[in-house]
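FYI, the numbering just counts along the sequence from 1. Only heavy atoms go into these numbers, but all of them, side chains included; no hydrogens, no water, no symmetry mates. What you see is a predicted model; the values in this text were computed from it and never measured.
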Amino acid sequence: YNEEYEYELEEKEIEKNNKNKYFKLPEEYIFYYISAEDDNNYNKSLNLLNDIITNKIKLDKYMGVDTEWKSSNNFYDLYQENLGINQSNLSDLADIIQVAGINQGFIFDLKSIIKNEELKEKIKIMFQKTIFIGFEFTNDVIKLGQFFKEITFQNEFIELSAIYKEKKNKKTPE
């Protein structure tokens, strides 16, 4: 009896089972991080947004969107303080925006770019290049509206919760 070997087998079985539980993106899928937390990230973000605006990088026609925020978090407070951001009323803003399509995804670090008008303007232009899909997006729109003063989603947005509710209430034939 080899206890160590048994432990290794158990670990391999757990790993095998966990792999099947999660959606796996194709290797060619690209994630981009948009941030102004330091000069390197800022320059990469600026170049990326310019490439999207000039169509060097094509966005998917439809992209899912979601925001995340916390009303108070010591880590975020420290993070904002290190960036020289005034703490007042920031807890009401979204922390990140997640955007994902078939070919690429984006994570926007809103807390780091809140003072950077150039990046904010380019993100607004980028958002006009695709049709967004969301679920229960009302609060997300409010949060984004606080960050991007003139951003609109009314014409280029699909709300999935309405479709879900409609399908859920229909009886399927037996």
Side-chain angles (χ1 to χ4, degrees), residues 22-161:
Y22 300 102
F23 174 75
K24 202 167 194 182
L25 294 171
E27 286 184 29
E28 63 273 4
Y29 195 87
I30 302 170
F31 261 106
Y32 298 105
Y33 177 62
I34 309 294
S35 171
E37 65 185 290
D38 58 38
D39 288 342
N40 185 40
N41 280 312
Y42 168 74
N43 290 327
K44 283 181 183 178
S45 298
L46 191 59
N47 290 335
L48 173 66
L49 291 168
N50 283 331
D51 286 350
I52 291 168
I53 290 168
T54 61
N55 292 320
K56 288 181 185 173
I57 295 175
K58 299 262 188 215
L59 296 178
D60 295 322
K61 182 175 181 179
Y62 298 97
M63 297 187 85
V65 63
D66 189 27
T67 61
E68 302 297 335
W69 66 88
K70 291 188 182 264
S71 57
S72 66
N73 185 319
N74 290 336
F75 171 76
Y76 283 113
D77 293 343
L78 181 60
Y79 178 65
Q80 293 165 15
E81 188 177 303
N82 287 337
L83 291 170
I85 298 172
N86 181 357
Q87 301 290 314
S88 62
N89 296 325
L90 283 182
S91 62
D92 292 336
L93 297 174
D95 293 315
I96 64 169
I97 303 172
Q98 304 158 109
V99 175
I102 294 171
N103 300 305
Q104 75 269 93
F106 300 86
I107 296 178
F108 297 88
D109 180 359
L110 297 181
K111 296 292 181 163
S112 76
I113 63 174
I114 190 166
K115 287 184 156 184
N116 192 304
E117 293 302 319
E118 184 176 22
L119 282 181
K120 285 169 58 174
E121 281 302 311
K122 290 186 183 295
I123 292 168
K124 283 198 293 192
I125 294 168
M126 175 192 166
F127 280 10
Q128 295 168 356
K129 293 183 152 292
T130 189
I131 297 171
F132 284 105
I133 301 169
F135 191 88
E136 297 287 335
F137 197 66
T138 307
N139 289 331
D140 295 300
V141 170
I142 292 168
K143 296 292 182 183
L144 289 173
Q146 293 169 337
F147 190 82
F148 300 108
K149 297 300 180 204
E150 291 103 29
I151 197 164
T152 58
F153 288 100
Q154 294 111 354
N155 297 330
E156 298 298 327
F157 186 79
I158 298 171
E159 174 57 66
L160 290 179
S161 64

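Other residues, nucleotides and ligands place no more than 12 heavy atoms under 6.0 Å from the CD1 atom of Ile102. No more than 12 heavy-atom neighbours from other residues, nucleotides or ligands sit within 6.0 angstrom of CG on Asp39.
Of all non-hydrogen atoms in Glu68 and Gln98, the two that sit nearest each other are OE2-NE2, 3.1 Å. For the pair Lys129 and Ile53, the tightest heavy-atom approach, listed with the atom from each and the gap, is CE-O, 3.4 Å. Between Ala36 and Ser112, the shortest heavy-atom contact is N-OG, 3.0 Å.
Although no hydrogens or angles enter the test, the distance criterion places a donor-acceptor pair under 3.5 Å between the side chain of Glu159 and the main chain of Glu136. Side-chain atoms of Asn55 do not come within 3.5 Å of backbone N or O of Lys58 as any donor-acceptor pair. With hydrogens and angles ignored, the 3.5 Å screen pairs no side-chain donor or acceptor of Glu37 with any backbone N or O of Lys111. Checking side-chain atoms of Thr67 against main-chain N and O of Ile96 turns up no donor-acceptor pair under 3.5 Å.
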Full working for side chain to side chain contact (heavy atoms under 4.5 Å, CB included) between Ile123 and Ile113: CA-CA 10 Å; Ile123 292 168; Ile113 63 174; 3.3 Å; yes

Residue pair Leu119, Phe108: steps toward the side chain to side chain contact (heavy atoms under 4.5 Å, CB included) verdict: CA-CA 10 Å; Leu119 282 181; Phe108 297 88; over 6 Å; no

Derivation and outcome, side chain to side chain contact (heavy atoms under 4.5 Å, CB included), residues Phe106 and Ile52: CA-CA 12 Å; Phe106 300 86; Ile52 291 168; 3.7 Å; yes

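In this structure Asp60 satisfies the side chain to side chain donor-acceptor pair (under 3.5 Å) test together with Asn103, sequence neighbours excluded. For Tyr29, the ring-ring contact (aromatic ring centres under 6.0 Å, His included) partners two or more places apart in sequence, or in a different chain, are Phe31. Applying the side chain to side chain contact (heavy atoms under 4.5 Å, CB included) criterion to Asn47, with sequence neighbours excluded, gives no partner residue.
Within the 4.5 Å cutoff, the side chain of Gln104 has heavy atoms near those of the Ile57 side chain. Contact annotation: the side chain of Val65 never approaches that of Phe127 to less than 4.5 Å [non-hydrogen atoms, C-beta and beyond].
Interatomic distance, CG of Asn50 versus NZ of Lys56, reported as 8.5 Å (0.5 Å rounding). Separating the CD1 atom in Ile158 from the OH atom in Tyr62 is a distance of 5.5 Å, to the nearest 0.5 Å. The line from CD1 of Ile114 to CG of Asp109 is 11.0 Å long, rounded to the nearest 0.5 Å. Here the CD1 atom belonging to Ile133 is positioned 13.0 Å from the CG atom belonging to Asp66, to the nearest 0.5 angstrom. Interatomic distance, CZ of Phe132 versus CD1 of Ile97, reported as 8.0 Å (0.5 Å rounding). Interatomic distance, Ile30 CD1 to Leu48 CG, rounded to the nearest 0.5 Å: 9.5 Å.
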